[in-house]
Amino acid sequence: MKDIKCPYYWFCGETFNVKDLSKHDSDFVNDAISKGMAFMFIHCPKCKTQIQFNPIKWEETAMYDNPNEKEVTKKIKTKKEALDILRNENIKLITGYIDFLSKKNSTLEVSIIEGRNKFRLYTLSELCEKVNINNEAYLQIKSIAGFLKSVPEELKEWIEDEIPFNELMNCLIVGYENTSYLFIDNRDEKTLWIFESGDIYIKKTQFELNDIIKNMKIGR
Ligand SMILES: [Zn+2]
């Protein structure tokens with residue numbers, strides 16, 4: 001059977017198998033599978049914390065939020081706080097874009113592909129928020145690495161044709177539309193690409209970061 005991952009990554013995050021569960025829990029999982037149940041509780045064999053589990057989707061959900069994260073996430077960061085975070089994480093976002101973001105207070109949207117919904121640009125504060133992807137915490141701006149972690153080998157090869165995987169892991173996300181993300185090509189630090197997190201593919205756009213900075217030339 002497939003592994004289960006403890007969703008409490010901030011204090012455990014252990015990977016385990018159904019056979020590692022207590023007898024009560026493993027019997028319960030097997031029973032739930034045979035009955036087609038989509039909702040049940042199990043206990044992580046390592047940290048003993050209760051986990052909500054869906055045996056149909058094979059999906060584990062934490063029942064408590066990460067208290068450390070809640071604090072950081074909810075609070076809007078000042079420009080200085082955001083810059084400190086970027087510096088600590090060694091993230092180089094071009095100064096022109098930082099200035100552009102810090103001057104705008106309202107939500108910014110750009111239309112990248114004709115006939116499609118506009119992409120919303122993350123604010124400077126949002127770029128420095130922690131997000132949870134597959135039970136691991138990432139800074140929003142670096143979250144592409146989280147999505148790529150579980151990409152199957154055969155898809156990797158497809159992506160490699162466009163951008164080497166190692167480079168792609170380091171690309172910076174600046175906006176989103178539904179499950180699509182707008183990111184900057186790490187190699188030239190300006191070309192904008194789209195990463196589709198659902199179907200897992202990347203696509204070059206005809207725009208550069210400067211087009212956004214220059215008065216949002218990209219269709220308003
Ligand atoms: Zn655990």
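Hydrogens, waters and symmetry mates play no part in the numbers below; they use all other heavy atoms, side chains included. Sequential numbering from 1 along the given sequence is applied to the chain's residues. On a predicted model such as this, the values are computed, not experimentally measured, just so you know.
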Participant: Kindly indicate, with the supporting measurements, whether the criterion side-chain contact (heavy atoms from CB on, under 4.5 Å) is fulfilled by I94 and K92.
Facilitator: CA-CA 6 Å; I94 62 165; K92 290 183 190 76; over 6 Å; no
Participant: Under a 4.5 Å cut-off applied to non-hydrogen side-chain atoms, are L93 and L127 in contact?
Facilitator: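 A side-chain contact exists here, since the closest heavy-atom pair is under 4.5 Å.
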Participant: So do the side chains of L86 and C128 get within less than 4.5 Å of each other, counting heavy atoms only?
Facilitator: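 Result yes, sub-4.5 Å side-chain heavy-atom pair found.
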Participant: Flag yes if more than 12 heavy atoms outside K79 fall under 6.0 Å of its NZ atom; otherwise flag no.
Facilitator: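 More than 12 within 6.0 Å, yes.
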Participant: Do you know which two heavy atoms are closest between S111 and F207, and how far apart they sit?
Facilitator: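 Smallest heavy-atom distance, with atoms named: O-CE1, 4.2 Å.
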Participant: Are the charged groups of E126 and R120 less than 4.0 angstrom apart, N to O?
Facilitator: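 R120 and E126: salt-bridged.
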Participant: Are I133 and V131 packed together at the side-chain level, in the sense that at least one heavy-atom pair is separated by less than 4.5 angstrom?
Facilitator: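 They are in contact (side-chain heavy atoms under 4.5 Å apart), so the answer is yes.
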Participant: Is L148 linked to L155 within one hydrophobic cluster, defined over Ile, Leu, Val, Met, Phe, Trp and Tyr using a side-chain heavy-atom separation of less than 4.5 Å?
Facilitator: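 Yes, same cluster.
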Participant: Tell me whether E136 is salt-bridged to K130, with the criterion being a basic N under 4.0 Å from an acidic carboxylate O.
Facilitator: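 Looking at K130 together with E136, the answer is no, because their closest N to O distance does not fall below 4.0 Å.
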Participant: Using 0.5 Å steps for rounding, measure from the CD atom of E89 to the CG atom of L139.
Facilitator: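 Reported value, rounded in 0.5 Å steps: 4.5 Å.
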Participant: Nearest heavy-atom pair of Y8 and M63: which atoms, and what distance?
Facilitator: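 Of all heavy-atom pairs spanning Y8 and M63, the closest is OH-N, 2.8 Å.
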Participant: Which pair of non-hydrogen atoms, one from V18 and one from S26, has the smallest distance, and what is that distance?
Facilitator: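 Answer, listing the atom of V18 first, then S26: O-CB, 3.4 Å.
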Participant: Do the ring planes of W58 and F53 sit parallel (below 30°), tilted (30 to 60°) or perpendicular (above 60°)?
Facilitator: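 The rings of W58 and F53 stand perpendicular, inter-plane angle above 60°.
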Participant: Tell me whether D199 contacts the main-chain N or O of Y201 through its side chain, where contact means a donor paired with an acceptor under 3.5 Å.
Facilitator: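 Checking the backbone N and O of Y201 against the side chain of D199, no donor-acceptor pair under 3.5 Å is found.
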Participant: Could you note down all residue pairs passing salt bridge (Lys or Arg N to Asp or Glu O under 4.0 Å) where residues 24-53 supplies at least one of them, sequence neighbours left out?
Facilitator: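 Matches after skipping sequence neighbours: E14-K46, K23-D27, D31-K35.
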Participant: Would you confirm whether the ring centroid of Y122 sits within less than 6.0 angstrom of the ring centroid of Y176?
Facilitator: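 Yes.
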Participant: Which atom pair, heavy atoms only, marks the closest approach of F119 to G175?
Facilitator: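 In this case the closest contact between F119 and G175 is CD2-C, 4.5 Å.
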Participant: To the nearest 0.5 Å, what is the distance between CG on D99 and CD1 on I213?
Facilitator: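 D99 atom CG to I213 atom CD1 measures 8.5 Å (nearest 0.5 Å).
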Participant: Please set out all donor-acceptor pairs under 3.5 angstrom arising from side-chain atoms of residues 157-170, sequence neighbours excluded.
Facilitator:
{"residue": "E160", "atom": "OE1", "partner": "F165", "partner atom": "N", "Å": "3.0"}
{"residue": "E167", "atom": "OE1", "partner": "N186", "partner atom": "ND2", "Å": "3.2"}
{"residue": "N170", "atom": "ND2", "partner": "N166", "partner atom": "O", "Å": "3.2"}

Participant: Side-chain contact test, heavy atoms from C-beta onward, threshold under 4.5 Å: evaluate it for I91 versus K142 and give yes or no.
Facilitator: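 A side-chain contact exists here, since the closest heavy-atom pair is under 4.5 Å.
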Participant: Tell me if a side-chain donor or acceptor on T205 pairs with a main-chain N or O of L192 at a distance below 3.5 Å.
Facilitator: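 Yes, T205 side chain to L192 backbone: donor-acceptor pair under 3.5 Å.
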Participant: Would you say F28 ends up clustered with I56 if hydrophobic residues are merged whenever their side chains have heavy atoms under 4.5 Å apart, either directly or through other cluster members?
Facilitator: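 No; tracing contacts between hydrophobic side chains, which count when under 4.5 Å, never links both residues.
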Participant: Using a 4.5 Å cut-off on heavy atoms from C-beta on, say whether the side chain of S197 contacts that of S180.
Facilitator: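 The answer is no, as the side chains (C-beta and beyond) never meet within the 4.5 Å cut-off.
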Participant: Looking at every heavy atom in both Y64 and Q50, which two are closest together, and how far apart are they?
Facilitator: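 Scanning both residues, the minimum pair turns out to be CE1-O, 4.4 Å.
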Participant: What do the steps show when you test D84 against K80 for salt bridge (Lys or Arg N to Asp or Glu O under 4.0 Å), and what is the final call?
Facilitator: CA-CA 6 Å; D84 284 346; K80 189 190 171 298; 2.8 Å; yes
Participant: Quick one, I212 and Y97 - any side-chain contact, counting heavy atoms below 4.5 Å?
Facilitator: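 Counting from C-beta outward, I212 and Y97 do come under 4.5 Å.
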Participant: Ring centroid separation for F195 and W193, is it under 6.0 angstrom?
Facilitator: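 Not under 6.0 Å, so no.
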Participant: Which atom pair, heavy atoms only, marks the closest approach of P55 to M37?
Facilitator: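 Result for this residue pair: CD-O, 3.2 Å.
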Participant: Would you check if L121 and T107 make a side-chain contact, meaning some heavy-atom pair closer than 4.5 Å?
Facilitator: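 No, side chains not in contact.
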Participant: Evaluate the side-chain proximity of T15 to I4: yes if any heavy-atom separation is below 4.5 Å, no if none is.
Facilitator: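 Counting from C-beta outward, I4 and T15 never come under 4.5 Å.
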Participant: If you measure from CG on L209 to CG on D188, what distance do you get to the nearest 0.5 Å?
Facilitator: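 It is 10.0 Å, given to the nearest 0.5 Å.
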Participant: Is it the case that the ring center of Y9 lies less than 6.0 angstrom away from the ring center of F11?
Facilitator: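 No; Y9 has its ring centre 6.0 Å or more from that of F11.
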Participant: Let me see the working for H43 and H24 under side-chain contact (heavy atoms from CB on, under 4.5 Å), right down to the final yes or no.
Facilitator: CA-CA 10 Å; H43 301 79; H24 173 272; 5.9 Å; no
Participant: With side-chain contact (heavy atoms from CB on, under 4.5 Å) as the test, would you mind laying out the steps for I144 and Y138 before giving the verdict?
Facilitator: CA-CA 9 Å; I144 200 163; Y138 294 86; over 6 Å; no
Participant: Report yes if the distance between the aromatic ring centroids of Y181 and F147 is under 6.0 Å, otherwise no.
Facilitator: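 Ring-ring flag for Y181/F147: true, centres closer than 6.0 Å.
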Participant: Considering only NZ, NE, NH1 and NH2 on the basic side and carboxylate oxygens on the acidic side, decide whether R116 and E177 come within less than 4.0 Å.
Facilitator: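 Yes, this pair counts.
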Participant: How long is the span from the CD atom in Q52 to the CD atom in E60, to the nearest 0.5 Å?
Facilitator: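 Result: 11.0 Å between the selected atoms.
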Participant: How many angstroms lie between atom CD1 of I51 and atom SG of C6, to the nearest 0.5 angstrom?
Facilitator: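 If I round to the nearest 0.5 Å, the distance is 4.5 Å.
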Participant: If I take atom CD from residue E129 and atom CD1 from residue I85, how far apart are they, to the nearest 0.5 angstrom?
Facilitator: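 Output value for this atom pair is 9.5 Å.
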Participant: Could you check I194 against I113 for side-chain contact (heavy atoms from CB on, under 4.5 Å), going step by step and ending with a plain yes or no?
Facilitator: CA-CA 10 Å; I194 290 169; I113 303 170; 3.3 Å; yes
Participant: Less than 4.0 angstrom from a charged side-chain N to a carboxylate O is my criterion; do D211 and K190 meet it?
Facilitator: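 Looking at D211 and K190, the cut-off is not met.
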